[in-house]
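If you read the sequence from its start, that first residue is 1, and numbering goes on from there. Quick note: numbers below take in every heavy atom, side chains included, and nothing from hydrogens, waters or symmetry partners. Every number for a ligand or one of its atoms is a count from 1 in the order of the listing.
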Amino acid sequence: MSRFFVTTPIFYVNAKPHLGHAFTTILADAMTRFHRLMGEESFFLTGTDEHGDKIAKASEEAGQSPKEYADQISSLFRALGPMLGAKADHFIRTTDPEHIKTVQKVLQKVYETGDIYFGEYGGHYCFGCERFYTEKELVDGMCPDHKTRPEYIAEKNYFFRMSKYQAWLIEYINQNPDFIRPARYRNEVLSLLESGALEDLCISRPKSRLTWGIELPFDQDFVCYVWFDALLNYVSALNYPRGEKFKKFWPANHIVAKDILKPHAIFWPTMLKAAGIAPYQSLNVHGYWLVRDTKMSKSLGNVVEPKQMVDAYGTSAFRYFLLREMAFGSDASFTEEALVGRLNADLANDLGNLFNRVLSMTHKYFEGKVPSPAAETEGDAELKRLGRDAMRNFQGHFAEFRTARGLESLWELVRALNKYIDTAAPWTLFKNKDKARLGTVMYMLLEHMRKIAVHLWPVMPEASVKMHEQLGCAFDLDKVNLAKEPEVWGLLDSGLAVAPTSNLFPRVDVPEPAPPSVHDAPAAAVNSTEGPKAKAAESKKKAPDKPAEAPAGPAESIEFADFQKLDLRVGTVLSAAKHPDADKLLVVQVALGELEPRQIVAGLADRFSPDDLVGKQVVVVANLAPRKLRGIQSQGMILVAKDAEVTRLLTAAGSVDDGGKVA
Ligand code: MSP
């Protein structure tokens with residue numbers, strides 16, 4: 001059985017997880033799931049990097065011991081995966097005793113072969129990067145990353161003879177085109193290696209300067225340089241050298257962003273070579289997530305918190321957006337508007353509509369059962385060819401980490417299926433009682449939808465499982481053979497019962513300020529004092545074609561038919577509580593004469609306390625599309641009447657049965 005071992009970088013524990021860490025984790029998870037579907041035994045490793053100056057300093061500032069501090073932040077990173085629907089097989093910490101032992105073993109081994117030596121070195125040391133810079137690397141005497149002037153430090157240290165392996169590495173990269181990808185990073189590394197002699201790597205720090213690290217086994221006065229320690233996590237996690245996992249899964253497929261290209265493309269392969277370990281399989285380098293084209297940074301206050309996005313849009317939409325939006329190797333720009341745009345266009349419109357239309361037609365025409373197909377037409381054969389190509393392309397791109405292009409290919413099929421509905425016009429076949437052709441058309445759609453659902457499991461595992469359920473077939477990893485999917489046909493059994501509708505991807509409003517008369521503001525407007533939502537709201541407010549304040553007075557007239565679209569009902573408030581994450585919101589349960597009470601998130605907290613509402617009869621817009629407001633599902637809107645001074649609950653003049661209609 002072939003195997004696949006994928007890693008994320010181990011993240012520093014000096015700050016909590018943000019969008020960038022979330023993306024690498026999601027990409028690694030998607031790759032693991034993809035290879036699992038392709039029938040490969042897969043292993044996904046992530047974790048935290050806990051030694052070195054950076055962490056020692058951060059813990060000091062926090063008034064904690066480095067270990068206490070690392071414990072806290074590491075646990076946030078441990079929780080990151082599950083929050084994103086990502087399932088790592090192992091979470092390593094560089095403070096794990098097993099890891100420490102492995103680092104010391106490797107250090108000893110390389111020392112004994114003569115590739116680590118003691119020497120004196122003077123260099124420009126950047127504390128932010130925890131490394132020495134050569135004159136050539138500095139920009140106007142400053143660290144190119146931190147834009148600060150490095151300190152000149154001269155001290156005795158241990159060095160790894162990296163220069164010895166320079167020629168070998170150049171040769172190896174040239175002979176293995178997939179060793180570093182995409183090609184632009186491979187070329188960058190090659191040109192760096194070919195531009196001059198590689199210097200040896202300083203791999204120790206004197207304890208007089210830093211104690212928070214792994215002690216060198218051959219000299220107690222020094223600790224190991226954090227990168228030499230951290231990179232070894234990729235083998236220590238597999239219990240190198242004798243562990244079964246190491247024998248089974250090495251060599252690795254590493255995923256990193258461009259910021260840590262050099263340590264992974266130069267330090268790490270030469271370290272492996274010196275330690276007598278086979279080179280890794282591939283280094284996959286993605287670009288940076290920017291926020292509105294600006295670097296994310298704490299000081300700019302534009303750091304995107306993955307949890308907020310997951311709470312607002314769900315893991316499936318968040319994962320889809322990130323994997324679809326970032327072209328492999330390039331930078332990408334994150335904005336909530338772009339996320340909502342993709343959610344509405346690709347998920348709600350294309351995919352969600354496809355599911356909704358086909359499922360409801362299956363109910364209408366075949367009592368909700370997958371029909372048996374009859375003879376296929378040339379048009380059907382053409383659709384199948386298109387589907388085959390889309391799936392093959394998806395798989396080809398995913399095998400090389402190009403998730404955006406893979407999804408683009410798959411969406412060619414999604415869109416073709418929507419078009420196929422329009423041209424095959426099942427409603428006409430139904431009217432003409434052409435059951436045989438109708439069965440073929442519906443089967444053509446349903447079987448392709450199953451194929452789409454399987455391919456989406458790496459990207460949106462949760463939604464994919466639901467899509468399978470809606471098609472009446474449970475997702476079973478052991479039974480899937482993704483590689484064969486483009487070629488096989490007819491795995492969806494006729495007679496299976498499908499769901500009546502699919503509500504997987506409801507449309508979401510683009511974040512914008514709420515109109516003044518609407519109090520049940522969308523999450524964006526509720527949160528209008530902070531974050532990118534607020535910025536979007538601000539810029540819209542300032543748009544020249546819109547007055548800042550809507551003028552008071554009668555609204556535009558509407559037709560009676562428009563009014564009839566509103567389902568207004570009377571209901572009794574059973575309970576109300578403050579929203580845990582938003583000051584202006586109340587979470588209200590209203591009895592509307594239905595089986596379950598309705599949960600409505602209402603923007604009333606600044607005018608009503610929960611007690612003001614409980615027991616009152618209110619008027620509710622009952623057919624408002626459900627949406628999440630700051631992470632909590634809301635199924636309707638409570639109406640109020642207001643003037644400049646007061647806001648009153650809208651209610652009936654006397655008691656009405658719950659569910660009574662406002663007409
Ligand atoms: N501890 C080292 C890695 C050691 S691996 C042996 C480190 N840690 S880090 O916390 O700074 O993480 C860097 C990684 O986080 C990047 O390589 C990338 O995977 C992810 N990202 C952090 N910010 C990012 C963006 N803005 N965009 C995309 N990913 C980024 O370096």
Contact residues of ligand 1 (heavy atom under 4.0 Å), by chain and number: Pro9, Ile10, Phe11, Tyr12, His18, Gly20, His21, Thr24, Asp49, Trp227, Ala230, Leu231, Asn233, Tyr234, Ala257, Asp259, Ile260, His264, His286, Gly287, Tyr288, Trp289, Met296
N/O donor-acceptor pair under 3.5 Å between Tyr69 side chain and Ile55 backbone: no
Sequence neighbours excluded - side-chain hydrogen bond (donor to acceptor under 3.5 Å, both in side chains) pairs with any residue from residues 196-205: Tyr117-Asp200, Tyr125-Arg205, Asn157-Ser204, Ser163-Asp200
Within the 6.0 Å centroid threshold, strictly below: Phe218 and Tyr158: yes
Phe43 six-ring centre to Lys245 NZ/CZ under 6.0 Å and within 45° of normal: no
Results of side chain to side chain donor-acceptor pair (under 3.5 Å) for Thr102 - residues two or more places apart only: none
Pairing residues for Asp581 by the side chain to side chain contact (heavy atoms under 4.5 Å, CB included) criterion, not counting sequence neighbours: His579, Arg630
